[in-house]
Amino acid sequence: MDDTLLEELNEPQIQAVTQVTGPVLVIAGAGSGKTRVITRRIAWLIAQGIPPWQILAITFTNKAAGEMRSRVSRTLGHGWRDFGQLIHDAPTICTFHSLCLRILKHYAQSVGLKPNFSILDVHDQQKLVKQAIEACGLSSSQFSPSQSHGRISAAKNKLITPEQFAKTGGFVEQKFAPVYRKYQELLSQNNAVDFDDLLMKTAFAFREHPEILQELQERFEYILIDEYQDTNHAQYIIAHALAMKHRNICVVGDPDQSIYAWRGADIRNILEFEQDYPDALVVRLEQNYRSSKRILAIASQLIEKNTQRKKKSLWTDKPDGPRAKVIVCADERDEAQQITQQLRELHDRHQVKWSDMAIFYRINAMSRVMEDSLRRSGIPYEIARGVEFYGRKEIKDVLAYLRVIVNPLDEVSLERIINVPTRGIGEKALQIMKLHCITEGSSLFEVMCSADRILGISKRAANSAVNLGAQFMRWRKMAGIEQGSDVSFTVQEIIETVVKESGLEEHYAKESDVDIEGGPQANINELINSAAEFDEENPQATLETYLHQVSLVSDADHRGREGAITLMTLHAAKGLEFPVVAMIGLEENILPHERVRDNPEQLEEERRLCFVGITRAQEQLIISWAMNRSSRGLRNRQMMSQFLREMPAEHLEIVRSPAIGGDWGYSSGDTEIESAEPAIRRGQRVRHPAFGEGMVVDVSATGQHTRVQVDFRHAGRKTLILEYARLTVIG
DNA sequence: AGGTCGACGTTTTTT
DNA sequence: ACGTCGACCT
């Protein structure tokens, strides 16, 4: 027996690692060595003689899966390769989505899918939703595509079909159900699925094809699920269906770090695990190995304000550490400067490496000002998941070409690139071709290939279309999809050829004459590089595999550029740790976000988000908030976040930025932090001499005037200048 | 056909 | 401040 696997583990950790059979619930507090436990547990199972391929470990992100995979093989001295197929002899370590993808591909025929289906990204999904709305004769002003998409997504995560949606819902649902149905129809016409379909179709496959489920149940005797607090209903069903036979299911999570309820995560999954498995072994990991005593105290006191919570007390052996610095700033630019200055000092005077620091914010938009400041100051930084790499226009263009090569039925992609670069196939020609599709019952791709036989299309357009079709057929041969080529090309070679022959290369060369860093050309080159890496790691991979893999990765795994500060959203920060953490924008309506104002449950989620941020810090925590902040062009007065008020003052050191000056009407000597509170607040009821009674929806200061937006009970929503409008406060 | 310009509504967090 | 949409110009 290999005792080194239990080295440096505490008592509860050993329990979690060695309880091989039966259900296990591990409540893993922040920084309690969770990843170590999971890795060791997988290694332990294998050391017990369990065949690796019987082990299934599910993580929340691809990045986490990759890390875990390499840690496990390092622990065991193995060099497994995971080719993204269902069948291989390594343990399966992946996300729910990629597990479902593998399952759906493997059983494609029985499930009624062609294995070359496209996976649409959010943007394309919304485009299709919009089409569905229009096809149902509803105005897209009534149902915005993004909102509608959200509704559909939420339904899918709860495994609600369009039919059930119509049956169980109220008036709005009745009206909306056809859109959902139509959307599903469009997806299937495109031979495409969305993210949520991966889960839903898998869950339904288990229900409708017991033989599939049985096969998988027998295969995966040992199941482990990380970040269990963030699983949604579909994932819950999938996990428990798989585990039903052997009941060797180990789930790991922390209810205090549940931050994805907004996308369907159901915290009850973890809270009720013991009811699902009354014989479960429950292990609590409460010793924190990450943060100083002060940081832990701040986090603990904050999270205790949540009422919906299982009590848990984290403790640590670490030293007290310094107090957390709270910087009150004049505005967001000042804030960025203050943070930059603080971090530079840590770097220059205390030799802290840039890569040991991170800056967290609530919303992506807040990174801009911070970036500017860092850039001006010459500090290297890297944004984890900023504008998603695969979301960039030029990248999407290239991928759209590839998707059409693999899946000619993918009209979302075909429409995207049919005239990019412009080749004379305009709106009109496209409309005629689409009409033809309907009358002939054939696909746009087929129609395009024989566009010269359609009346009403200009010679030029028809020629281009036919040529493009022929071009695609050549590429399909090259990719080994169509018969005719006996040489096999790598994904990299295919992409390079397509970029050249499609004219995209020239197209983007024209748009920007120089190779700008982060410009279209540079990005395409980066894509080609990453494809080369993919080829190397997956020697026998096809273009189809490549596309599927790429669809599930939101970011071109920037594996933390060496020597750079990391910037990211609080959500992206989960699971990471840094010696120095700066959290910016601790203001009402930012953190907590304005959209959660009146919802106590969502407010608690925001508090957890704040908790997650704090607990990423090992030694030093810096927090800032700004008295003014501009958003959508308007300058708003900000109030300090209630969360800041909830933190223990004795562990905070409050600093006022010199930029505030003394002329803000607040005594500057105050150690207590005060907020710049306008006289009239959101949510306040007011009366107007002409408009009657209403509720203040928004207050913003621009220049000399304060604008208030008021929702009047009878007169509707009005924007007023506070100084002129004679508003009286009610109550 | 297609490109450009101005208006408009709109922005949380992610697989 | 960003992307989409419609109108107008090349």
Side-chain angles (χ1 to χ4, degrees), chain A residues 58-65 94-101 119-123 125-127 130 140-141 144-147 149-150 153 156-157 193-200 202 227 230-232 234-235 258-265 332 360-369 384-388 390-391 393 419-431 457-461 464 510-511 548-555 568-575 585 589-597 599 602 605-606 608-610 612-613 630-635:
Chain A
I58 301 175
T59 61
F60 195 66
T61 65
N62 293 295
K63 205 175 158 198
C94 61
T95 65
F96 265 108
H97 287 85
S98 64
L99 171 71
C100 291
L101 172 63
I119 303 171
L120 300 189
D121 68 15
V122 180
H123 194 260
Q125 289 172 34
Q126 287 183 9
K127 252 178 156 166
K130 198 178 164 206
S140 52
S141 57
S144 89
S146 78
Q147 253 179 19
H149 175 248
S153 178
K156 286 183 176 181
N157 286 156
V193 300
D194 63 19
F195 289 137
D196 308 311
D197 278 340
L198 292 172
L199 303 177
M200 187 167 75
T202 303
E227 306 284 11
D230 285 325
T231 49
N232 62 34
Q235 292 165 333
S258 155
I259 53 175
Y260 285 101
W262 56 272
R263 80 176 217 216
E332 72 271 19
F360 302 155
Y361 34 81
R362 176 66 235 268
I363 54 181
N364 278 310
M366 290 169 69
S367 73
R368 281 192 90 98
V369 189
R385 304 168 193 197
V387 189
E388 288 173 9
Y390 291 106
K393 194 170 42 171
N419 204 28
V420 177
T422 52
R423 44 170 77 85
I425 308 172
E427 197 56 34
K428 208 175 145 201
L430 185 63
Q431 285 315 316
I457 294 184
S458 74
K459 192 115 193 182
R460 197 163 88 102
S464 294
K510 234 187 291 171
E511 221 167 72
H548 281 161
Q549 197 245 212
V550 153
S551 306
L552 295 186
V553 180
S554 61
D555 199 18
M568 64 179 111
T569 63
L570 284 163
H571 283 88
K574 196 172 70 165
N589 298 327
I590 300 277
L591 182 66
H593 193 269
E594 56 180 333
R595 302 253 292 235
V596 311
R597 210 172 306 142
N599 183 330
Q602 289 182 358
E605 177 151 320
E606 296 287 306
R608 291 193 291 267
L609 195 52
C610 189
V612 166
S630 306
S631 57
R632 334 169 190 113
L634 280 183
R635 191 175 171 78

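Residue numbers begin at 1 in each chain, while the letters A, B, ... track the order of the sequences. What's counted below: heavy atoms across the whole structure, side chains too, no hydrogens, waters or symmetry copies.
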Give a yes or no on whether the backbone of A/V596 and the side-chain of A/N599 come within a donor-acceptor separation of less than 3.5 Å.
no
Using side chain to side chain donor-acceptor pair (under 3.5 Å) as the criterion, list what pairs up with A/R423, not counting sequence neighbours.
A/Y401
Mind checking if A/S146 touches a base, just sugar-phosphate, or nothing, with heavy atoms under 4.0 Å?
sugar-phosphate
Where is the tightest heavy-atom contact between A/M366 and A/R362, given as atom of each residue plus distance?
SD-N, 4.1 Å
Starting at CD1 of A/I590 and ending at P of B/dT12, how long is that distance when rounded to a whole Å?
12 Å
A/E605 CD to B/dT13 C1', straight-line distance once rounded to whole Å
9 Å
Contacts of type salt bridge (charged side-chain N to carboxylate O under 4.0 Å, His left out), residue A/E605, not counting sequence neighbours
A/R608
Protein-nucleotide distance (A/K63, atom NZ; B/dT15, atom C1'), rounded to Å
15 Å
A/V596 near the nucleic acid: base, sugar-phosphate alone, or nothing, with a heavy-atom cut-off under 4.0 Å?
nothing
So, using side chain to side chain donor-acceptor pair (under 3.5 Å) as the criterion, who are the partners of A/T95 when residues are at least two apart?
A/S98
Contact class for A/F96 vs. all strands (heavy atom < 4.0 Å): base, sugar-phosphate, or nothing?
nothing
Hits for ring pair (Phe, Tyr, Trp, His ring centres under 6.0 Å) against A/H149, two or more places apart or cross-chain, chain-then-number order -> none
Range-with-range stems for DNA chain B, at least three Watson-Crick or G-U pairs under 3.5 Å:
B:1-9 with C:2-10
Correct closest heavy-atom pair for A/L609 and A/H571 would be CD2-CE1, 3.5 Å
With sequence neighbours left out, what residues match A/D230 under salt bridge (charged side-chain N to carboxylate O under 4.0 Å, His left out)?
A/K574
Take atom CG of A/N232 and atom P of B/dT14, then tell me their distance rounded to the nearest Å.
16 Å
Whole Å only: how far is the CG atom of A/N364 from the C1' atom of B/dT10?
16 Å
With respect to the side chain of A/R595, which nucleotide from B/dT11, B/dT14, B/dT15 is positioned closest?
B/dT11
Enumerate all atom pairs, one protein N or O and one N or O from nucleotides 8-10 of chain C, separated by less than 3.5 Å.
none

From NZ of A/K574 over to C1' of B/dT15, roughly how many Å is that when rounded to an integer?
12 Å
Non-hydrogen atoms of A/P145 and A/K130 that approach each other most closely
CG-CG, 3.8 Å
What is the distance, rounded to the nearest whole Å, between atom OH of A/Y260 and atom C1' of B/dT13?
7 Å
State which residues pass ring pair (Phe, Tyr, Trp, His ring centres under 6.0 Å) with A/F60; sequence neighbours excluded, sorted by chain then number.
A/Y260
Taking atom P of B/dT15 as reference, at what distance in whole Å does atom CD of A/Q549 sit?
14 Å
Residues in side chain to side chain donor-acceptor pair (under 3.5 Å) contact with A/S464, at least two apart in sequence or another chain
none
Going by side chain to side chain donor-acceptor pair (under 3.5 Å), name the residues that satisfy it together with A/Q602, two or more places apart in sequence or in a different chain.
none
Polar atom pairs between nucleotides 1-5 of chain B and protein, under 3.5 Å, N or O only, would you list them?
from  : atom 1 : to     : atom 2 : distance (Å)
B/dG2 : OP1    : A/G424 : N      : 2.7
B/dG2 : OP2    : A/N419 : ND2    : 3.2
B/dG2 : OP2    : A/G426 : N      : 3.2

Stacking check: are the rings of A/H593 and B/dT12 less than 5.5 Å apart at their centres and under 30 degrees in tilt?
yes
Between protein and nucleic acid, restricted to nucleotides 2-6 of chain C and to nitrogen or oxygen atoms under 3.5 Å apart, what atom pairs and distances do you find?
from  : atom 1 : to     : atom 2 : distance (Å)
C/dC2 : OP1    : A/R368 : NH1    : 3.1
C/dT4 : OP1    : A/H123 : NE2    : 3.4
C/dC5 : OP1    : A/K130 : NZ     : 2.3

Might you work through the side-chain contact (heavy atoms from CB on, under 4.5 Å) test for A/L199 and A/Q235, ending with a clear yes or no?
CA-CA 7 Å; A/L199 303 177; A/Q235 292 165 333; 3.9 Å; yes
Going by centres under 5.5 angstrom and planes under 30 degrees, do the aromatic ring of A/W262 and the base ring of B/dT13 stack?
yes
Please report the closest heavy-atom contact between A/C94 and A/A65, naming both atoms and the distance.
CA-CB, 3.8 Å
